[in-house]
Amino acid sequence: MFKWRNIFQWLSVTFIALALSGCGYNTLQTTDEDIKATWAEVLNQYQRRADLVPNLVNVVKGYAAHEKDVFISVTQARARVGAIQATPELINDEAAFQKFIAAQGELTGAISRLLLVAENYPQLKADGLFRDLQAQLEGTENRITVARNRYIAAVKLYNVTVRSFPSNLTAMLFGYKTKPTFTVENEKAIAVPPKVDFGAPAPAPAAPAGGS
């Protein structure tokens with residue numbers, strides 16, 4: 001009797017394992033881990049950018065100390081990014097995720113305005129430290145774009161599994177829910193890295209409308 005009981009338990013476990021694998025359980029596990037890994041890389045690259053900001057501000061200040069509004073804007077934007085707890089749990093909280101992405105988008109805009117200031121200062125553009133920071137920023141922005149796209153792809157695969165039948169039943173059973181991703185609106189705002197090519201001169205101001 002004991003032997004038959006063991007065999008029955010083994011068959012039950014095997015049946016459950018096969019049923020779960022056929023209902024998307026293994027896919028949910030795999031894609032969930034992929035999301036965690038890709039999101040960690042997104043956070044890593046955003047942190048790398050934030051670490052560059054103070055040095056970038058300081059070197060620009062050395063040539064354009066009177067551009068206070070721009071410096072304040074960048075510093076405040078970076079502070080707002082730093083005030084948000086950038087943890088893996090962000091991807092499980094839609095509101096917190098959108099707040100984080102909005103703050104990063106604001107910092108992107110502030111950095112872009114800071115870089116535009118350099119267009120008016122040829123000596124700043126020729127500064128070796130500034131050019132080094134420029135190269136680091138450009139590389140970081142590219143890595144952010146790559147990391148973000150990988151995250152988007154991972155979330156897409158996971159969310160499709162969560163919503164599709166019969167894996168959606170497995171998702172409901174084990175508490176798997178869809179995860180937030182980058183929307184079209186904030187993708188437009190942050191998909192293009194700030195322009196850091198200072199080879200071309202700044203464009204001339206547009207002529208007033210109605211002028212001769």
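- With 3.5 Å as the limit, one finds a donor-acceptor pair spanning the side chains of Gln47 and Asp51.
- For residues 149-164, no residue pair satisfies the salt bridge (charged side-chain N to carboxylate O under 4.0 Å, His left out) rule, not counting sequence neighbours.
- By the side-chain hydrogen bond (donor to acceptor under 3.5 Å, both in side chains) test, Glu67 pairs with Tyr121, sequence neighbours left out.
- Nearest heavy atoms, Val81 versus Ala103: CG2-O, 3.5 Å.
- Here Ser167 pairs with nothing under the side-chain hydrogen bond (donor to acceptor under 3.5 Å, both in side chains) rule; sequence neighbours left out.
- A 4.5 Å side-chain heavy-atom check between Arg113 and Val117 finds every atom pair outside the cut-off.
- A cation-pi geometry, defined here as NZ or CZ lying under 6.0 Å from the six-membered ring centre and within 45° of its normal, does not hold between Lys125 and Phe130.
- Taking Leu43 as the reference, Trp39, Ala86, Phe100 meet the side chain to side chain contact (heavy atoms under 4.5 Å, CB included) condition, with sequence neighbours excluded.
- Heavy-atom minimum distance, Val59 versus Leu56: CG1-O, 3.2 Å.
- Pairs of residues two or more places apart, or lying in two chains, never qualify as salt bridge (charged side-chain N to carboxylate O under 4.0 Å, His left out) while including a residue from residues 169-178.
- Taking both residues in full, the closest heavy atoms of Thr178 and Asn159 are given as CA-OD1, 3.2 Å, listed atom of the first, atom of the second, then distance.
- Partners of Asp127 by salt bridge (charged side-chain N to carboxylate O under 4.0 Å, His left out), not counting sequence neighbours: none found.
- Through direct or relayed side-chain contacts under 4.5 Å between Ile, Leu, Val, Met, Phe, Trp and Tyr, Leu157 connects to no other residue.
- Among Gln45, Glu41, Glu138, the one residue that satisfies the side chain to side chain donor-acceptor pair (under 3.5 Å) test with Arg143 is Gln45.
- Using a 4.5 Å cut-off between side-chain heavy atoms of Ile, Leu, Val, Met, Phe, Trp and Tyr, Leu169 falls into a hydrophobic cluster with Phe165, Met172.
- Shown here are the side chain to side chain contact (heavy atoms under 4.5 Å, CB included) partners of Asp32, two or more places apart in sequence or in another chain: Lys36, Tyr158, Tyr176, Lys179.
- Residues satisfying the side chain to side chain contact (heavy atoms under 4.5 Å, CB included) criterion with Ala154, sequence neighbours excluded, are Asp34, Ile35, Thr38.
- Scored by the side chain to side chain contact (heavy atoms under 4.5 Å, CB included) test, Gln136 finds Leu52, Asp132, Leu133 as partners (sequence neighbours excluded).
- Residue pairs meeting the salt bridge (charged side-chain N to carboxylate O under 4.0 Å, His left out) criterion with at least one partner in residues 73-96, sequence neighbours excluded, are Arg80-Glu106.
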